[in-house]
Protein chains: 2
Amino acid sequence: MKAVAAPRRERKKQQTRDALIQAALALFIAKGYEQTAVREVTDAVDVSERTFFRYFANKEDLALSLARDHTDALMRELAARPLAEPPLVALRNALHAAVEGLTAAGGALTGDSAYLSIMKLIEATPSLMAAHLRYMHERDDEIARALAEREGVDPVTDLRPRCVAAVFSGLFISANREWRYAGGTVEAMLATFDACADQVAGALSGHWT
Amino acid sequence: MKAVAAPRRERKKQQTRDALIQAALALFIAKGYEQTAVREVTDAVDVSERTFFRYFANKEDLALSLARDHTDALMRELAARPLAEPPLVALRNALHAAVEGLTAAGGALTGDSAYLSIMKLIEATPSLMAAHLRYMHERDDEIARALAEREGVDPVTDLRPRCVAAVFSGLFISANREWRYAGGTVEAMLATFDACADQVAGALSGHWT
DNA sequence: AACGCTATGTCAGTCTATGACACTTTGCAA
DNA sequence: TTGCAAAGTGTCATAGACTGACATAGCGTT
(Lines give C-alpha, C1' and ligand atoms only; values in the text may rest on other atoms or scores of the structure.)
Protein backbone atom coordinates (compact mmCIF):
# COMPACT_ATOMS: atom_id res chain seq x y z
CA MET A 1 0.00 0.00 0.00
CA LYS A 2 2.93 2.21 0.65
CA ALA A 3 6.32 0.89 -0.26
CA VAL A 4 6.51 0.20 -3.95
CA ALA A 5 10.07 -1.01 -3.77
CA ALA A 6 10.45 -3.41 -0.88
CA PRO A 7 7.90 -6.02 0.11
CA ARG A 8 8.20 -6.93 3.76
CA ARG A 9 9.63 -10.32 2.91
CA GLU A 10 12.50 -8.80 1.02
CA ARG A 11 13.23 -6.39 3.81
CA LYS A 12 13.46 -9.17 6.36
CA LYS A 13 15.80 -11.10 4.13
CA GLN A 14 18.09 -8.16 3.71
CA GLN A 15 17.95 -7.62 7.42
CA THR A 16 18.97 -11.18 8.19
CA ARG A 17 21.72 -11.02 5.63
CA ASP A 18 23.12 -7.82 7.07
CA ALA A 19 22.91 -9.18 10.59
CA LEU A 20 24.84 -12.28 9.56
CA ILE A 21 27.55 -10.24 7.90
CA GLN A 22 27.94 -7.87 10.78
CA ALA A 23 27.96 -10.57 13.44
CA ALA A 24 30.39 -12.66 11.42
CA LEU A 25 32.84 -9.86 10.80
CA ALA A 26 32.83 -8.85 14.43
CA LEU A 27 33.65 -12.43 15.42
CA PHE A 28 36.21 -12.89 12.66
CA ILE A 29 38.04 -9.77 13.67
CA ALA A 30 37.81 -10.61 17.36
CA LYS A 31 38.99 -14.21 17.25
CA GLY A 32 40.06 -14.95 13.72
CA TYR A 33 38.32 -16.41 10.69
CA GLU A 34 39.38 -20.02 11.07
CA GLN A 35 38.70 -19.96 14.78
CA THR A 36 35.12 -18.82 14.29
CA ALA A 37 32.62 -21.58 13.60
CA VAL A 38 29.60 -20.90 11.45
CA ARG A 39 27.58 -22.06 14.41
CA GLU A 40 28.79 -19.17 16.53
CA VAL A 41 27.70 -16.71 13.90
CA THR A 42 24.25 -18.19 13.51
CA ASP A 43 23.80 -18.36 17.25
CA ALA A 44 24.58 -14.67 17.52
CA VAL A 45 21.86 -13.88 14.99
CA ASP A 46 19.57 -16.66 16.17
CA VAL A 47 19.03 -18.49 12.92
CA SER A 48 19.81 -22.07 12.06
CA GLU A 49 23.11 -23.11 10.55
CA ARG A 50 21.19 -24.31 7.51
CA THR A 51 19.85 -20.83 6.93
CA PHE A 52 23.36 -19.44 6.87
CA PHE A 53 24.15 -21.62 3.87
CA ARG A 54 21.04 -20.44 2.11
CA TYR A 55 22.31 -16.88 2.27
CA PHE A 56 25.96 -17.64 1.55
CA ALA A 57 27.43 -20.42 -0.52
CA ASN A 58 30.09 -20.89 2.12
CA LYS A 59 32.00 -19.18 4.89
CA GLU A 60 34.39 -17.50 2.46
CA ASP A 61 31.50 -16.12 0.48
CA LEU A 62 30.39 -14.11 3.47
CA ALA A 63 33.87 -12.91 4.34
CA LEU A 64 34.46 -11.73 0.80
CA SER A 65 31.07 -10.12 0.35
CA LEU A 66 32.43 -6.77 1.40
CA ALA A 67 35.53 -7.14 -0.72
CA ARG A 68 33.19 -7.67 -3.65
CA ASP A 69 31.51 -4.37 -2.94
CA HIS A 70 34.91 -2.76 -3.17
CA THR A 71 35.62 -4.29 -6.52
CA ASP A 72 32.22 -3.23 -7.75
CA ALA A 73 33.04 0.31 -6.75
CA LEU A 74 36.27 0.13 -8.70
CA MET A 75 34.44 -0.92 -11.83
CA ARG A 76 31.95 1.88 -11.45
CA GLU A 77 34.66 4.45 -10.93
CA LEU A 78 36.52 3.15 -13.94
CA ALA A 79 33.45 3.59 -16.08
CA ALA A 80 33.16 7.13 -14.78
CA ARG A 81 36.69 8.21 -15.65
CA PRO A 82 36.88 10.67 -18.55
CA LEU A 83 37.95 9.10 -21.82
CA ALA A 84 40.77 11.58 -22.08
CA GLU A 85 42.64 9.59 -19.47
CA PRO A 86 44.81 6.84 -20.89
CA PRO A 87 44.21 3.29 -19.56
CA LEU A 88 46.73 3.14 -16.75
CA VAL A 89 45.86 6.64 -15.56
CA ALA A 90 42.17 5.86 -15.58
CA LEU A 91 42.77 2.69 -13.57
CA ARG A 92 44.92 4.55 -11.10
CA ASN A 93 42.36 7.29 -10.59
CA ALA A 94 39.50 4.83 -10.38
CA LEU A 95 41.33 2.93 -7.68
CA HIS A 96 41.88 6.10 -5.69
CA ALA A 97 38.27 7.14 -6.01
CA ALA A 98 36.97 3.70 -5.06
CA VAL A 99 39.19 3.31 -2.03
CA GLU A 100 38.50 6.79 -0.77
CA GLY A 101 34.78 6.33 -1.18
CA LEU A 102 34.93 3.17 0.90
CA THR A 103 37.18 4.30 3.69
CA ALA A 104 34.86 7.25 4.24
CA ALA A 105 31.94 4.94 4.95
CA GLY A 106 33.54 3.13 7.88
CA GLY A 107 31.75 0.81 10.25
CA ALA A 108 33.89 1.66 13.22
CA LEU A 109 34.21 -1.64 15.02
CA THR A 110 37.86 -1.17 15.70
CA GLY A 111 39.77 1.99 14.96
CA ASP A 112 39.99 0.88 11.33
CA SER A 113 37.38 1.51 8.71
CA ALA A 114 35.39 -1.50 7.56
CA TYR A 115 37.47 -1.60 4.41
CA LEU A 116 40.74 -1.72 6.30
CA SER A 117 39.49 -4.35 8.70
CA ILE A 118 38.39 -6.65 5.93
CA MET A 119 41.52 -6.26 3.92
CA LYS A 120 43.69 -6.99 6.91
CA LEU A 121 41.57 -9.98 7.79
CA ILE A 122 41.88 -11.34 4.26
CA GLU A 123 45.58 -10.70 4.07
CA ALA A 124 46.12 -12.46 7.39
CA THR A 125 44.04 -15.53 6.52
CA PRO A 126 45.52 -17.88 3.92
CA SER A 127 42.27 -19.45 2.78
CA LEU A 128 40.62 -16.05 2.42
CA MET A 129 43.64 -14.75 0.61
CA ALA A 130 43.39 -17.56 -1.89
CA ALA A 131 39.70 -17.03 -2.48
CA HIS A 132 40.20 -13.32 -2.81
CA LEU A 133 42.94 -13.69 -5.37
CA ARG A 134 40.77 -15.93 -7.45
CA TYR A 135 37.99 -13.43 -7.30
CA MET A 136 40.25 -10.57 -8.31
CA HIS A 137 41.72 -12.40 -11.24
CA GLU A 138 38.27 -13.36 -12.41
CA ARG A 139 37.62 -9.66 -12.73
CA ASP A 140 40.51 -9.26 -15.12
CA ASP A 141 38.34 -10.07 -18.10
CA GLU A 142 35.81 -7.48 -17.09
CA ILE A 143 38.49 -4.84 -16.68
CA ALA A 144 39.97 -5.79 -20.03
CA ARG A 145 36.60 -5.37 -21.70
CA ALA A 146 36.10 -1.97 -20.10
CA LEU A 147 39.51 -0.82 -21.26
CA ALA A 148 38.97 -2.09 -24.77
CA GLU A 149 35.75 -0.17 -24.99
CA ARG A 150 37.33 3.02 -23.64
CA GLU A 151 40.08 2.89 -26.20
CA GLY A 152 37.96 1.61 -29.02
CA VAL A 153 40.00 -1.49 -29.76
CA ASP A 154 38.81 -5.04 -30.30
CA PRO A 155 38.96 -7.01 -27.03
CA VAL A 156 39.52 -10.28 -28.84
CA THR A 157 42.10 -9.38 -31.45
CA ASP A 158 44.03 -6.84 -29.43
CA LEU A 159 45.94 -8.26 -26.48
CA ARG A 160 46.63 -4.90 -24.88
CA PRO A 161 43.42 -4.66 -22.82
CA ARG A 162 43.93 -8.09 -21.34
CA CYS A 163 47.56 -7.34 -20.84
CA VAL A 164 47.08 -4.06 -18.98
CA ALA A 165 44.29 -5.57 -16.91
CA ALA A 166 46.66 -8.33 -15.85
CA VAL A 167 49.33 -5.82 -14.96
CA PHE A 168 46.88 -3.78 -12.93
CA SER A 169 45.82 -6.84 -10.96
CA GLY A 170 49.40 -7.77 -10.31
CA LEU A 171 50.31 -4.33 -9.06
CA PHE A 172 47.18 -3.99 -6.96
CA ILE A 173 47.75 -7.34 -5.32
CA SER A 174 51.33 -6.39 -4.66
CA ALA A 175 50.29 -3.10 -3.12
CA ASN A 176 47.76 -4.90 -0.95
CA ARG A 177 50.59 -6.59 0.88
CA GLU A 178 51.01 -3.35 2.75
CA TRP A 179 48.13 -4.44 4.94
CA ARG A 180 50.30 -7.16 6.36
CA TYR A 181 52.59 -4.79 8.10
CA ALA A 182 51.03 -3.72 11.37
CA GLY A 183 49.42 -0.35 11.06
CA GLY A 184 49.24 -0.55 7.30
CA THR A 185 47.33 2.48 6.12
CA VAL A 186 45.24 3.21 3.08
CA GLU A 187 47.69 5.95 2.16
CA ALA A 188 50.66 3.60 2.26
CA MET A 189 48.89 1.14 -0.01
CA LEU A 190 47.93 3.77 -2.55
CA ALA A 191 51.37 5.32 -2.42
CA THR A 192 52.97 1.97 -3.19
CA PHE A 193 50.59 1.39 -6.04
CA ASP A 194 51.21 4.82 -7.52
CA ALA A 195 54.96 4.51 -7.26
CA CYS A 196 54.84 1.15 -9.02
CA ALA A 197 52.52 2.45 -11.71
CA ASP A 198 54.89 5.33 -12.38
CA GLN A 199 57.94 3.15 -12.70
CA VAL A 200 56.53 0.06 -14.36
CA ALA A 201 56.77 1.07 -17.99
CA GLY A 202 60.40 2.06 -17.59
CA ALA A 203 61.30 -0.96 -15.49
CA LEU A 204 59.99 -3.33 -18.14
CA SER A 205 62.41 -2.34 -20.85
CA GLY A 206 66.15 -2.79 -20.65
CA HIS A 207 68.40 -2.90 -17.65
CA TRP A 208 68.03 -0.84 -14.50
CA THR A 209 71.62 0.04 -13.75
CA MET B 1 76.38 -50.90 4.87
CA LYS B 2 76.02 -49.86 1.32
CA ALA B 3 73.77 -46.92 0.64
CA VAL B 4 75.10 -43.85 2.33
CA ALA B 5 72.30 -41.66 1.06
CA ALA B 6 69.00 -43.42 1.53
CA PRO B 7 68.13 -45.58 4.50
CA ARG B 8 65.41 -48.05 3.72
CA ARG B 9 62.92 -46.14 5.83
CA GLU B 10 63.38 -43.00 3.78
CA ARG B 11 63.01 -44.91 0.57
CA LYS B 12 59.71 -46.37 1.67
CA LYS B 13 58.43 -42.97 2.63
CA GLN B 14 59.32 -41.53 -0.73
CA GLN B 15 57.71 -44.51 -2.35
CA THR B 16 54.47 -44.04 -0.46
CA ARG B 17 54.46 -40.35 -1.23
CA ASP B 18 54.96 -40.96 -4.92
CA ALA B 19 52.30 -43.63 -4.96
CA LEU B 20 49.83 -41.27 -3.31
CA ILE B 21 50.54 -38.54 -5.81
CA GLN B 22 50.27 -40.78 -8.80
CA ALA B 23 47.09 -42.50 -7.64
CA ALA B 24 45.53 -39.18 -6.72
CA LEU B 25 46.29 -37.49 -10.00
CA ALA B 26 44.98 -40.42 -11.98
CA LEU B 27 41.73 -40.25 -10.03
CA PHE B 28 41.51 -36.47 -10.18
CA ILE B 29 41.93 -36.46 -13.92
CA ALA B 30 39.54 -39.35 -14.37
CA LYS B 31 36.66 -38.13 -12.22
CA GLY B 32 37.53 -34.64 -11.08
CA TYR B 33 39.18 -33.22 -8.00
CA GLU B 34 36.10 -32.44 -5.94
CA GLN B 35 34.51 -35.74 -6.86
CA THR B 36 37.46 -37.73 -5.59
CA ALA B 37 37.47 -38.46 -1.87
CA VAL B 38 40.72 -38.77 0.01
CA ARG B 39 39.49 -42.18 1.02
CA GLU B 40 39.51 -43.36 -2.56
CA VAL B 41 43.10 -42.33 -2.97
CA THR B 42 44.27 -44.01 0.19
CA ASP B 43 42.37 -47.15 -0.67
CA ALA B 44 44.14 -47.29 -4.01
CA VAL B 45 47.51 -47.13 -2.27
CA ASP B 46 46.36 -49.16 0.73
CA VAL B 47 47.25 -46.78 3.51
CA SER B 48 45.00 -45.22 6.11
CA GLU B 49 43.37 -41.87 5.58
CA ARG B 50 45.28 -40.57 8.58
CA THR B 51 48.55 -41.37 6.86
CA PHE B 52 47.56 -39.27 3.89
CA PHE B 53 47.35 -36.24 6.11
CA ARG B 54 50.77 -36.96 7.54
CA TYR B 55 52.22 -36.69 4.05
CA PHE B 56 50.15 -33.78 2.85
CA ALA B 57 48.68 -30.93 4.83
CA ASN B 58 45.49 -31.24 2.84
CA LYS B 59 44.04 -32.37 -0.46
CA GLU B 60 45.12 -29.21 -2.23
CA ASP B 61 48.65 -29.65 -1.03
CA LEU B 62 48.91 -32.88 -2.94
CA ALA B 63 47.29 -31.54 -6.07
CA LEU B 64 49.64 -28.57 -6.13
CA SER B 65 52.78 -30.53 -5.34
CA LEU B 66 53.57 -30.88 -9.03
CA ALA B 67 52.77 -27.26 -9.74
CA ARG B 68 55.32 -26.41 -7.08
CA ASP B 69 57.94 -28.37 -8.96
CA HIS B 70 57.17 -26.27 -11.99
CA THR B 71 57.66 -23.05 -10.10
CA ASP B 72 60.89 -24.36 -8.65
CA ALA B 73 62.10 -25.02 -12.16
CA LEU B 74 61.26 -21.48 -13.14
CA MET B 75 63.32 -20.08 -10.30
CA ARG B 76 66.28 -22.26 -11.23
CA GLU B 77 66.10 -21.24 -14.86
CA LEU B 78 65.88 -17.61 -13.87
CA ALA B 79 69.03 -17.94 -11.81
CA ALA B 80 70.70 -19.54 -14.82
CA ARG B 81 69.92 -16.77 -17.30
CA PRO B 82 72.93 -14.69 -18.33
CA LEU B 83 73.14 -11.34 -16.60
CA ALA B 84 73.28 -9.64 -19.97
CA GLU B 85 69.56 -10.25 -20.33
CA PRO B 86 67.40 -7.48 -18.91
CA PRO B 87 64.77 -8.49 -16.31
CA LEU B 88 61.76 -9.04 -18.51
CA VAL B 89 63.80 -10.90 -21.12
CA ALA B 90 65.36 -13.11 -18.49
CA LEU B 91 61.93 -13.93 -17.05
CA ARG B 92 60.57 -14.68 -20.47
CA ASN B 93 63.42 -16.99 -21.36
CA ALA B 94 63.35 -18.67 -17.97
CA LEU B 95 59.67 -19.37 -18.42
CA HIS B 96 60.27 -20.92 -21.82
CA ALA B 97 63.10 -23.08 -20.53
CA ALA B 98 61.15 -24.22 -17.49
CA VAL B 99 58.02 -25.11 -19.42
CA GLU B 100 59.92 -26.91 -22.12
CA GLY B 101 61.91 -28.88 -19.59
CA LEU B 102 58.70 -30.00 -17.93
CA THR B 103 56.67 -30.88 -20.97
CA ALA B 104 59.52 -33.09 -22.13
CA ALA B 105 59.31 -35.20 -18.99
CA GLY B 106 55.70 -36.27 -19.44
CA GLY B 107 53.97 -38.94 -17.41
CA ALA B 108 51.73 -40.05 -20.20
CA LEU B 109 48.49 -40.84 -18.43
CA THR B 110 46.39 -39.17 -21.04
CA GLY B 111 47.67 -37.74 -24.27
CA ASP B 112 48.81 -34.66 -22.38
CA SER B 113 52.08 -34.34 -20.55
CA ALA B 114 51.92 -34.35 -16.78
CA TYR B 115 52.40 -30.60 -16.81
CA LEU B 116 49.50 -30.00 -19.13
CA SER B 117 47.23 -32.35 -17.20
CA ILE B 118 47.90 -30.63 -13.92
CA MET B 119 47.49 -27.15 -15.28
CA LYS B 120 44.21 -28.03 -16.91
CA LEU B 121 43.02 -29.69 -13.72
CA ILE B 122 43.91 -26.62 -11.68
CA GLU B 123 42.36 -24.24 -14.15
CA ALA B 124 39.15 -26.25 -14.19
CA THR B 125 38.82 -26.54 -10.41
CA PRO B 126 37.93 -23.33 -8.56
CA SER B 127 39.36 -24.32 -5.20
CA LEU B 128 42.62 -25.46 -6.77
CA MET B 129 42.76 -22.32 -8.82
CA ALA B 130 42.48 -20.22 -5.70
CA ALA B 131 45.18 -22.14 -3.88
CA HIS B 132 47.42 -22.01 -6.90
CA LEU B 133 47.07 -18.26 -7.28
CA ARG B 134 47.98 -17.78 -3.67
CA TYR B 135 51.02 -19.93 -4.12
CA MET B 136 52.14 -18.06 -7.22
CA HIS B 137 51.76 -14.67 -5.65
CA GLU B 138 53.70 -15.81 -2.63
CA ARG B 139 56.56 -16.41 -5.01
CA ASP B 140 56.52 -12.80 -6.11
CA ASP B 141 58.83 -11.79 -3.31
CA GLU B 142 61.31 -14.44 -4.26
CA ILE B 143 61.29 -13.36 -7.88
CA ALA B 144 61.68 -9.76 -6.85
CA ARG B 145 64.73 -10.64 -4.78
CA ALA B 146 66.26 -12.55 -7.65
CA LEU B 147 65.72 -9.66 -10.03
CA ALA B 148 67.15 -7.16 -7.57
CA GLU B 149 70.26 -9.23 -7.22
CA ARG B 150 70.64 -9.62 -10.98
CA GLU B 151 70.44 -5.91 -11.55
CA GLY B 152 72.33 -4.94 -8.45
CA VAL B 153 69.65 -2.75 -6.94
CA ASP B 154 68.36 -2.69 -3.39
CA PRO B 155 65.26 -4.88 -3.03
CA VAL B 156 63.88 -2.75 -0.22
CA THR B 157 64.44 0.78 -1.45
CA ASP B 158 63.89 0.14 -5.14
CA LEU B 159 60.33 -0.77 -6.07
CA ARG B 160 61.20 -1.93 -9.55
CA PRO B 161 62.00 -5.57 -8.68
CA ARG B 162 58.76 -5.99 -6.81
CA CYS B 163 56.94 -4.18 -9.54
CA VAL B 164 58.25 -6.29 -12.42
CA ALA B 165 57.71 -9.47 -10.42
CA ALA B 166 54.09 -8.47 -9.95
CA VAL B 167 53.70 -7.78 -13.65
CA PHE B 168 55.24 -11.10 -14.53
CA SER B 169 52.82 -12.95 -12.26
CA GLY B 170 49.91 -11.09 -13.73
CA LEU B 171 50.88 -11.88 -17.28
CA PHE B 172 51.70 -15.49 -16.53
CA ILE B 173 48.38 -16.02 -14.80
CA SER B 174 46.63 -14.37 -17.71
CA ALA B 175 48.44 -16.59 -20.18
CA ASN B 176 47.52 -19.64 -18.14
CA ARG B 177 43.89 -19.08 -18.98
CA GLU B 178 44.68 -20.62 -22.34
CA TRP B 179 44.40 -24.00 -20.67
CA ARG B 180 40.72 -23.42 -20.23
CA TYR B 181 40.00 -23.59 -23.88
CA ALA B 182 39.74 -27.20 -24.94
CA GLY B 183 42.93 -28.40 -26.51
CA GLY B 184 44.96 -25.56 -25.06
CA THR B 185 48.56 -26.18 -25.93
CA VAL B 186 51.83 -25.23 -24.34
CA GLU B 187 52.69 -23.31 -27.47
CA ALA B 188 49.51 -21.25 -27.32
CA MET B 189 50.18 -20.34 -23.71
CA LEU B 190 53.75 -19.28 -24.37
CA ALA B 191 52.75 -17.39 -27.47
CA THR B 192 50.18 -15.42 -25.52
CA PHE B 193 52.68 -14.64 -22.82
CA ASP B 194 55.29 -13.50 -25.31
CA ALA B 195 52.89 -11.32 -27.20
CA CYS B 196 51.79 -9.66 -23.97
CA ALA B 197 55.36 -9.19 -22.81
CA ASP B 198 56.22 -7.52 -26.10
CA GLN B 199 53.32 -5.11 -25.98
CA VAL B 200 53.08 -4.37 -22.30
CA ALA B 201 55.56 -1.53 -21.99
CA GLY B 202 53.96 0.31 -24.87
CA ALA B 203 50.41 -0.37 -23.72
CA LEU B 204 51.09 1.10 -20.31
CA SER B 205 51.87 4.59 -21.49
CA GLY B 206 49.39 6.84 -23.24
CA HIS B 207 46.42 5.97 -25.39
CA TRP B 208 46.20 3.08 -27.82
CA THR B 209 44.32 4.69 -30.64
C1' DA C 1 68.48 -59.72 21.51
C1' DA C 2 66.53 -55.85 23.56
C1' DC C 3 65.54 -50.95 23.22
C1' DG C 4 64.06 -46.53 21.30
C1' DC C 5 62.47 -43.75 17.76
C1' DT C 6 59.46 -43.24 13.86
C1' DA C 7 55.76 -44.37 10.78
C1' DT C 8 51.34 -46.11 10.66
C1' DG C 9 46.75 -47.57 12.14
C1' DT C 10 42.57 -46.92 14.82
C1' DC C 11 39.14 -44.21 16.90
C1' DA C 12 36.54 -40.50 18.29
C1' DG C 13 35.21 -36.10 17.36
C1' DT C 14 34.83 -31.23 15.05
C1' DC C 15 33.50 -28.41 11.34
C1' DT C 16 31.87 -27.27 6.70
C1' DA C 17 28.48 -28.24 3.48
C1' DT C 18 24.25 -30.45 1.28
C1' DG C 19 19.88 -33.05 0.39
C1' DA C 20 15.27 -34.28 2.08
C1' DC C 21 11.26 -33.19 4.36
C1' DA C 22 8.18 -30.80 7.50
C1' DC C 23 6.51 -26.42 9.26
C1' DT C 24 5.63 -21.48 9.33
C1' DT C 25 5.05 -17.04 7.29
C1' DT C 26 3.88 -14.01 3.56
C1' DG C 27 1.57 -12.36 -0.54
C1' DC C 28 -2.24 -12.60 -3.27
C1' DA C 29 -6.83 -13.66 -4.67
C1' DA C 30 -11.33 -15.46 -4.54
C1' DT D 1 -12.10 -12.86 5.50
C1' DT D 2 -10.64 -16.98 4.26
C1' DG D 3 -7.57 -19.87 1.95
C1' DC D 4 -4.06 -21.36 -0.96
C1' DA D 5 0.57 -21.41 -3.10
C1' DA D 6 5.09 -19.97 -2.80
C1' DA D 7 9.00 -18.67 -0.32
C1' DG D 8 11.79 -18.89 3.87
C1' DT D 9 13.17 -21.70 7.90
C1' DG D 10 14.08 -25.38 10.97
C1' DT D 11 15.32 -30.18 11.81
C1' DC D 12 17.57 -34.31 10.75
C1' DA D 13 20.69 -37.26 8.56
C1' DT D 14 24.85 -37.68 6.12
C1' DA D 15 29.20 -37.05 3.56
C1' DG D 16 33.71 -35.49 3.54
C1' DA D 17 38.02 -32.98 5.24
C1' DC D 18 40.69 -32.64 8.91
C1' DT D 19 42.82 -33.31 13.90
C1' DG D 20 44.22 -35.03 18.49
C1' DA D 21 45.08 -39.06 21.39
C1' DC D 22 46.69 -43.35 21.91
C1' DA D 23 48.14 -47.99 20.65
C1' DT D 24 50.99 -50.81 17.70
C1' DA D 25 54.38 -52.38 14.41
C1' DG D 26 58.99 -51.91 12.27
C1' DC D 27 63.66 -50.05 11.37
C1' DG D 28 67.96 -49.08 13.15
C1' DT D 29 71.05 -49.27 16.99
C1' DT D 30 73.78 -50.86 20.66
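Each chain gets a letter, A, B and so on, in the order its sequence line appears, and its residues count up from 1.
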Considering only side-chain heavy atoms of [X], which listed nucleotide, [options], is closest?
{"X": "A:Phe53", "options": "D:dT11, C:dA7, C:dT16", "value": "C:dT16"}
{"X": "A:Glu49", "options": "D:dC18, C:dT16, D:dA21", "value": "C:dT16"}
{"X": "B:Thr16", "options": "D:dA17, C:dT8, D:dG28", "value": "C:dT8"}

| field | Side-chain donor/acceptor of A:Arg9 to base of C:dT26, under 3.5 Å | value | yes
Using a heavy-atom cut-off of under 4.0 Å over every strand shown, decide if [X] touches base, sugar-phosphate, or nothing.
{"X": "B:Thr42", "answer": "nothing"}
{"X": "A:Ser127", "answer": "nothing"}
{"X": "B:Lys12", "answer": "nothing"}
{"X": "B:Phe52", "answer": "nothing"}

| DNA chain D: 5'-proximal contact among B:Lys59 and A:Thr51 (nearest heavy atom) |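 The residue whose closest nucleotide sits nearer the 5' end is A:Thr51.
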| Upstream residue (5' side of DNA chain D) when A:Arg54 and B:Val38 are each assigned their closest nucleotide |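 Mapping each residue to its closest nucleotide by heavy atoms, the 5'-most match is A:Arg54.
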| task | Find the distance between CH2 (B:Trp179) and OG1 (B:Thr185) and round it off to the nearest 0.5 Å. | result | 7.0 Å
| field | Distance (rounded to the nearest 0.5 Å) between B:Arg81 CZ and B:Arg92 CZ | value |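 So the gap between those two atoms works out to 9.5 Å.
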| field | Member of A:Arg139, A:Glu138, A:His132 meeting the side-chain hydrogen bond (donor to acceptor under 3.5 Å, both in side chains) criterion with A:Tyr135 | value |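 So the option named by the test is A:Arg139.
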Integer-rounded Å distance: [N] [atom2] and [X] [atom1]:
{"X": "A:Asp43", "N": "D:dT11", "atom1": "CG", "atom2": "C1'", "answer": "15 Å"}
{"X": "B:Leu62", "N": "D:dC18", "atom1": "CG", "atom2": "C1'", "answer": "15 Å"}
{"X": "B:Gln15", "N": "D:dG26", "atom1": "CD", "atom2": "P", "answer": "16 Å"}
{"X": "B:Arg11", "N": "C:dT6", "atom1": "CZ", "atom2": "C1'", "answer": "17 Å"}
{"X": "B:Asp61", "N": "D:dT19", "atom1": "CG", "atom2": "C1'", "answer": "16 Å"}
{"X": "B:Leu20", "N": "C:dA7", "atom1": "CG", "atom2": "C1'", "answer": "13 Å"}
{"X": "B:Glu34", "N": "C:dT18", "atom1": "CD", "atom2": "P", "answer": "10 Å"}
{"X": "A:Lys13", "N": "D:dA7", "atom1": "NZ", "atom2": "P", "answer": "10 Å"}

| query | Which of these passes side-chain contact (heavy atoms from CB on, under 4.5 Å) with A:Leu91: A:Leu78, A:Leu171, A:Leu74? | reply | A:Leu78
| request: Using only side-chain N and O atoms of B:Tyr55, determine if any of them is under 4.0 Å from OP1 or OP2 of C:dT8. | output: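 Checking B:Tyr55 against C:dT8: at least one side-chain N or O falls below 4.0 Å of OP1 or OP2.
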| Would you say the side chains of B:Glu178 and B:Thr192 form a donor-acceptor pair under 3.5 Å? | yes
